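So the structure is just underneath, and the comments pick up after that.
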Amino acid sequence: MAFALVANFTLGVSVSEMDLSPLKLKMLAWHKWAGMTLLALVTLRLVNRLIFQPPPPEPAPRWQQRAASWMHAALYVLMFAIPVSGWLVTSAAGIPVIYLNLWELPQLLPKNLEWADPLKEVHEALNQALLMLVIVHVLAAIKHHVVDRDSTLVRMLPYLEKRR
Amino acid sequence: MKKRIACLLVVASLVPALATAGNWSIDDARSKIGFQYQAMGATLDGEFPQYMADIELDPAKPDQAQITLDVTTAKTDAGNPDATAEVGSPLFFDSRRYPTARFASSRIQPQGNGRFLVEGKLSVKGITRPAGIPVMLKTEGKNQRLTGTFKLNRLDYRIGEGMWADTSALANEVKVAFSLLLVPKPSRKTP
Ligand code: HEM
């Protein structure tokens, strides 16, 4: 899921830099489909996290635990808010998402071209915020792995566990 | 000098008649020529906000009418800012070379109940093809309301060339829908 998120982030950036062309339209459609899929997955994951308590955190100073729980909350909020803001952009632009070219998804807003650009900026700003948080998150995780030598990173990437 | 002014006046009085022939004018505020197209399966609504019509019509003999309509292609609103910016370009309407798209009627077949098939020629981007447009004519007070919808294939007129010929991104079929309010012109004075 993290991989799909990064991929869709990259796709979003490439699409926004392209001039209008059929390829752009197709890539934008894929971006929206992937984004809507991620939205569904994030929703499931949020539900899952609310129902099942996450494993207790690794021992760490209190400020770090606080920071970590804020970080997690912020990451969840953004992972949810980003696709929703994208959905708002296309709604305001009056271009419904036809999921996988099969199902037309409902519009969140009536068409209003004046809102499309500001909403696009919101989508962009949320993405930049996500990028920042991910960088901090990754640096922190690496620090735990390399400097503190605890199992924080291994817990994030269960695949590493097998190699221990 | 007086002669010159008189001459100018004569010319000036002729100008409106030349600019808009026909005995009806269109009330722009209560008329619309719209179109619908599909990009990646999503339907978008566009509009041709600027057009000029030349209509010779006797409501008692509608099948004798003569209709010519010129749409200013450069003013096309494609329903999305990016698309609107693109639609006058050479790949689409090529508005610089072909500023107007024209429909000119040649024959009108009555079909009963105020319905008619207006046959004529549609010229877009230098390509002229026969077209039959089903319309409805209704009296609204002193005015006449002319409505109709028809479909055309944009590629027949090279609207969207090169990469845009790809109909999987941009559908070939375009639906045009219009509703025109015809207002009688003050009757022309016979000199
Ligand atoms: C987790 C999911 C998503 C991520 C990470 C994401 C990321 C991005 C990024 C990084 C950009 C480029 C912003 C810029 O620099 O201008 C972008 C643009 C955009 N995204 Fe998303 N997005 C997601 C979901 C969605 C969804 C669900 C939709 C619509 C249903 C959407 C619609 C758009 C649109 C319309 C643009 C603007 C493209 C253009 O400039 O023409 N996004 N996205």
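Chain naming here is simple, since letters A, B, ... match the order of the sequence lines and numbering starts at 1 in each. Not measured: the values here are computed from a predicted model.
- At a 4.5 Å heavy-atom cutoff, the contact between B/L44 and chain A is made by side-chain atoms alone.
- Looking at B/L170 and A/P22, their side chains never come closer than 4.5 Å, going by heavy atoms from C-beta outward.
- Linking Ile, Leu, Val, Met, Phe, Trp and Tyr whenever their side-chain heavy atoms come within less than 4.5 Å puts B/L180 and B/F150 in one cluster.
- Using a 4.5 Å cut-off between heavy atoms, A/L113 touches chain B through its side chain atoms alone.
- Residue A/F9 places its CZ atom among more than 12 non-hydrogen atoms of other residues, nucleotides or ligands, all under 6.0 Å distant.
- Linking ILVMFWY side-chain heavy atoms closer than 4.5 Å, directly or via other members, places A/L78 and A/V138 in a single hydrophobic cluster.
- Residue contact with chain B, scored on non-hydrogen atoms closer than 4.5 Å, involves the backbone and the side chain of A/L25 alike.
- Transitive grouping of hydrophobic side chains (ILVMFWY, heavy atoms separated by less than 4.5 Å) keeps A/V136 and A/M156 in distinct clusters.
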Residues 43-54 of chain A, side-chain donor-acceptor partners within the protein, below 3.5 Å, at least two apart:
residue	atom	partner	partner atom	Å
A/T43	OG1	A/L39	O	2.6
A/R45	NE	A/Y76	OH	3.3

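- By the rule that hydrophobic residues join a cluster once side-chain heavy atoms approach within less than 4.5 Å of another member, B/I127 and B/I133 end up as members of one cluster.
- Note: the hydrophobic cluster containing B/M52 does not contain B/I67 (ILVMFWY, side chain heavy atoms under 4.5 Å, direct or indirect links).
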N/O donor-acceptor pairs between chain A and chain B, cut-off 3.5 Å:
residue	atom	partner	partner atom	Å
A/K26	NZ	B/D166	OD2	2.7
A/K26	NZ	B/S168	OG	3.0
A/K111	NZ	B/G79	O	2.8

